[in-house]
Structures are given as C-alpha cells and as structure tokens.
Amino acid sequence: MIEKALKGSSVYWGWVIFLLCIIGAGFIAYLYQLKVGLGVTGMSRDISWGVYIAQFTYFVGVAAGAVMLVIPKYLHHYTKYAKVVVFGEFLAIAAVVMCLLFIIVDIGQPMRMMNVVLHPTPHSMLFYDMIVLNGYLIINIICGYNTLLADKKGLPCPGWVKPFIYLSIPWAISIHTVTAFLYAGLPGRHFWLTAIMAPRFLASAFAAGPSLLVMILLFVRKVTKFDPGEEALQNIARTICYAMIVNFFFMGMEFFTAFYSNIPGHKATLEYLFWGIGQYGNLVPFMRACIIIGFAGIFILLVPPIRRNPFWLAVGCACVFLATWIDKGVGLVIGGFIPNPLEMITEYHPTFPEITIATAIWAVGGLILTILYKVAISVREEEQRI
Amino acid sequence: MSMMDRRKFLKVAGLSTLIGLGGSSAFELLKPGKVDAEMEHGAHGHHEAANEEGKETGPKTRWAMLIDMKAITKEKAEKIIHTCHYLHNVPNWGNPKDEIKWIWEEEYEHVFTDSYNEYDEVLEKLPFLLMCNHCDEPPCARVCPVEATFRRPDGVVAQDYHRCIGCRFCMAACPYGSRSFNWLDPRVALKKEMAQGRKLNKQFPTRMRGVVEKCNFCVERLDAGKKPACVEACPDVMHFGNLADENSNVRKILRERISLRRKLELGTKPSVFYLV
C-alpha cells in the first residue's frame, strides 16, 4: 500500500523536494543549536519556553481534533464520514510526530531524553504526557493503516482493530487534558492557573484540527478524483463552528473572572496580551487579530449560504485555524511568562535559527501528511473507479 | 548511595500504588515532598543525626535561612552575592537573557508581590536578597519528569546536573523565579572572566549547557559540617539553622522578630525568612 507514495506527478515530487529542502535547512539550524546551546533561540531566564513549546501545545490540539470524525463514525455510525475518517487519523499521526519533535528540539540535553523512561516519575505531568502522546501515535497508526488496508481489499475493518478505535476516543481527550495540566497545575502563574484550561484546550482543539482537515480536503477535491462528499465537509464545518464558539465563550469567562474580581495578578497577562503594559505590547496586534479573525470565522461557518460556498468554507476554516493558532500557539505560552514571578516584564523575540527549526518541523508534518494522504487518496481513487 | 535507595523506593512505591498494591493513595503520590519526608524518616532515620532527641513525628531537620533586613546594607549584599557566585562558579554573562544567578538583589515591591505595602518607606529602600526558598512543598520537584530536582530529607531542594534533561518545567513551576538555565556553555563565560582575572573554585564543579541550576543551600558545605557560604560571609545578616528543632538559633530569632516569607498563599512553605 505504501508504494503508492512513490508514484506521483512532477508537482507531487516538486512539493516533496520543497519540503525536504526546508527540513534540511532546519536540520542544519538544529545542529547549530545543538552545538552552541538553546541560547541561539530568543528564550531567556524569564521566557523559558518559546516557539517550540507553543507549537507543541497547538499541535497536540490538532492531533486531538481527529476525534471529531471518529466519534460520529464509530459511535453513531454516521456513514457520511466513512471515507474521510482515515484522513483525520492520518492528520493526527502527522501532528503527534510534530509534537514529539518540538519537545526534542526544546530540551537542553536531548541525549538524556531517555531519562524520562529510565526514571519514571509519576508525580510529573510530563511523564503522563510522554505516555499519552506516544500511545496516541501508535493507536492512530494501527487504526489508520488497518482501516485503509481493509478498504483497499473491499473488506470490513478487522475485529481486533475496533477496540483500538474506541480507545482512541478517550485517548484523544486525554492527550489534550494532560497537556493542559502541564500549565494548569503550576502555582504562581495566574494566567495558566485556571480549571477551565483543559476544557478550553479541547474546545480550541476541536476547532483547529478539523478546520485544517477541511482546508486540505477541499484542496484534495480540487486536484484529485477523490470526493470526500459535500455533506461530510458541511458537517465538519458545523462542528468547527460550535467548537470555536465554545472556545471564545471560555475565553470570555477568563476575562470576566479576571476583570470583575479585579485581582491584579489575574488581570496582568490579559492586559499585556490585549492592551500592552507600559511600553511592552509586542503581542497586542496578534491577539487583537485573533479575536477579529476568530469571529469572522465563526460568522462564515455559521451562516449556511456562505458556508456552502467552497471558497468561503475554505476562508472560514482558515480564519478558525489562524485564530486558534495565535491564541494557543503564540499568546497562551508566551503570555504565561509575562509578567514574570517578580512582576517584571521581559518580552520575547524568536530568532532566525529558532524559526527555521520550527518551520522545518512544520515541513516534517507536511511531508508525513503528504505521503499518508497520497496513499489514502490513491486507494480512494481506485475505489471510485470500481 | 542513600539517594539512589530513595529513588528506587519511590519508583517501586509509585508503580505499586498505580496498580493498587501499595498502601498509599494516588493523592500522596502527587505530593513527593511529603512522601520523601515520611519515608526517609522511617527508613533512614539515622540521617538526621543533627537532632537525635527529637520527639516530634515530623522530620528532625529542616534547614532554614533568616535574612536580617535591619542588619543588611548594600555592601554586605554585594559581598554575599560575590562569595556565593565565586564559590559555585556561577558565570557572569553580562546580559539578562543568558543570566545565571543563585542569589541576587531585588526591590521590596518585586519580592513581596502579594503583600507589598506601598506606604512602607523603610522596606522600599532595602536591598532584599533573593534565592531559592527551599520550599517544604517544592512545585519544581513535583513537576520534574526525571527527579533531577528533589527535596532532600533535611529540607534542601537539590539539583542533579547530571540527570537534568533541560526541559525547564521547573522554571515554569517555580513561583519565585529562582531558577536559571544554562542557555549557553557556562565554561565559555567563565574562561572569558578568568582572562580578566576571575578565579575558578576547583572544589566545586562547573556546569554544562542545557541544564538548570539554582542556590543549593551549600549542600556541599552542609554535608561537610559547615554553614552556607553566605552565612560565613555575613554572619550578622544571614542566620542558618534547623527549623525543626525548637531550641535552634533560628527558632529563637523567629520567636523574637517579625518575619516575612514570600507568597505564602501558594502553600509552598518557603524556608527563607526575611526579618524586618
């Protein structure tokens, strides 16, 4: 089945080579970082996590988003998702691999990485994060590969795969819950210390993952013979819209608690992110854009005639994807460090090597996705010919 | 050696609790500080030789530092910082981004962010010394995925530079901003400083890039029966002693003086007191 990734048009190969070039550049930048140290990044004593951990957090959400297709298909036997659910699973695989890579490039002593396994520490949330992320990767490889293989042979999915599919549902919830716990359990970081962190993570995940999926499927429908089905796309778009509304609702609750209680520590990060504090306001344009773009996305996906237009559907999904990315991939992690525990402000400026490495990990995700989707689309095209 | 025993015990205890064999609940698992203290007390009671006659059920030793804000001056603060950073080979990068610091000076309003009194014009002018608080319930040790940072039975929150993977979870968890990360190779900075006349302390190891470090309460000196270097540098400002012994020097001072601790509402139970 995998051999289908080796037969493709010149455009396909051009795209693969383009991604490989970005990965190569990132690899060189990583060797440089490995040699000199994490000092080549913009991170500092005050902003001790940056682009890498922020991207990690965002893509855990993208990975968890696949469950929005698995639940209707396998728990409610919604057959319209039968042809697309595998694309959700493959997206999860690519996203989890990105997450693992973002962790590896972020740690100061990567050669000691196995210490996490050699000295298991059940009171650390990172220990559980390691278990759930690797588990989710394996589960999705098992489910994705076997369902596609069964489709290719025209047989129903083998019985032994079913338990893994059901397991993938709570497991998807767990990866993002545990990731939220990395932040929500820390004393003294007011912005993160909120019980609503995990629910909000899940809401934004269920918007972010499927919105990326719809954009890719719209593209696939345009350039290949595979049709994911209009009804399937419309329904995913509805899910995205609801999830995004819930996400913004939760965000509003954070604002209410902070500003009505008027407790300075709780307000500080929100003030920094949306209005700036004194001369510090690097993230203000990003966060304001996030709100505007997010509401635009909700509007587009909420109004049926607009949503049914493929162009606007793509725009709406792009809006949601971008807004959730700014919210979680920029504001959440960086914002948590501002102000610092001494209530002083240090801002964060990612460096060129840092961005090169992060872009390369995006490219790795893109490459994995390209190869897996190529295989899946070839199988689907064969089905349609029959 | 005893540290390894403790780790092995924790591992077995943790795993057996997870599968329901151990007697302790999962809730206790999430509180490593407590488990450590109780376990060490039962299994390796001989460690606490400092206070053999202790009748309390709690640990027999809990080291604490008292900083006398009535005795401190700018000059003394600088002497303390210099002594500590020299003895522990703490590099001076000369910029806040790569900065490593074990003990440093800060203003009142940044030190007591929760209880800052803007009308107190006396405290406002004093050079507060900040360091690791060696919490009784250290959040840094709770989040560390490899137990590279852990609470010793005598209350010192120690850091194992050879096990640390550099994930910096402890830096996010510390509510006092007491931890520094070696963003670059600290030996490069030290070499540069040595060319300008800085001396290296050959009795204490230098670190490598990619690991976290902080004040260690001078464990290397404590284990040799000595007091921390900052206490030796300014004995009238820094008072070090056993908080668990009610007849100790620190308990006597705490009975007589008004003291402040940082961010008590977080439940970390800091072991550093400011006498005002």
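In the text below, chain A, chain B and the rest are named by the order of the sequence lines, each starting its count at 1. From a predicted model like this one, the values you see are computed outputs, not experimental measurements.
Of the listed residues (B/Leu266, B/Leu130, B/Thr113), the one with the most heavy-atom contacts under 4.5 Å to chain A is B/Thr113. For the options B/Glu265, B/Glu99, B/Glu107, heavy-atom pairs under 4.5 Å to chain A are most numerous at B/Glu99. The candidate from A/Leu182, A/Asp46, A/Ile47 with the greatest count of non-hydrogen atom pairs under 4.5 Å with chain B is A/Leu182. Interface check for chain B: of the options A/Pro187, A/Gly188, A/Gly42, A/Gly37, the most heavy-atom pairs under 4.5 Å are formed by A/Pro187.
The aromatic rings of B/Phe128 and B/Tyr108 sit parallel to each other, their planes meeting at less than 30°, with 60° as the upper class boundary.
Look at B/Arg168 and A/Asp106 and you find a salt bridge, because one of the NZ, NE, NH1 or NH2 atoms lies within 4.0 Å of a carboxylate O, short of that distance.
At a 4.5 Å heavy-atom cutoff, the contact between B/Cys144 and chain A is made by backbone atoms alone. In this structure, chain A has a heavy atom under 4.5 Å from the side chain of B/Lys263, while its backbone stays farther away. Looking at B/Glu106, the atoms closer than 4.5 Å to chain A (heavy atoms on both sides) all sit in the side chain, from C-beta outward. With a 4.5 angstrom heavy-atom cutoff, A/Ile53 does not touch chain B via any of its atoms. Residue A/Ile104 does not touch chain B at all, counting heavy-atom pairs closer than 4.5 Å. For A/Arg45, the parts lying under 4.5 angstrom from a heavy atom of chain B are both the backbone and the side chain. For A/Phe337, the part sitting under 4.5 Å from any heavy atom of chain B is the side chain, from C-beta outward, and nothing else. Contacts between A/Met43 and chain B at a heavy-atom distance below 4.5 Å involve backbone atoms as well as side-chain atoms. With a 4.5 angstrom heavy-atom cutoff, A/Ile107 touches chain B via backbone and side-chain atoms both. Using a 4.5 Å cut-off between heavy atoms, A/Asn340 makes no contact with chain B at all.
Checking B/Tyr176 against B/Thr268 by side-chain atom types alone, a donor-acceptor pair falls below 3.5 Å. Using modelled atom types, one finds no donor on one side chain facing an acceptor on the other under 3.5 Å when comparing A/Gln33 with A/Thr41.
When side chains are defined from C-beta on, A/Met197 does not count as touching A/Phe250, because their heavy atoms never get closer than 4.5 Å.
Of all heavy-atom pairs spanning A/Pro339 and A/Ile345, the tightest one is CB-CG1, 4.2 Å.
Proximity of the aromatic rings of B/His85 and B/Trp102 is defined here by a centroid distance below 6.0 angstrom, and this criterion is not met.
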| request: Quick one: do A/Phe164 and A/Trp171 satisfy ring-ring contact (aromatic ring centres under 6.0 Å, His included)? Show the steps, please. | output: CA-CA 10 Å; A/Phe164 286 100; A/Trp171 207 284; 9.8 Å; no
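Of the options B/Arg163, B/Lys214, B/Arg179, B/Glu213, a side-chain hydrogen bond (donor to acceptor under 3.5 Å, both in side chains) to B/Thr149 is made by B/Arg179 and by none of the others.
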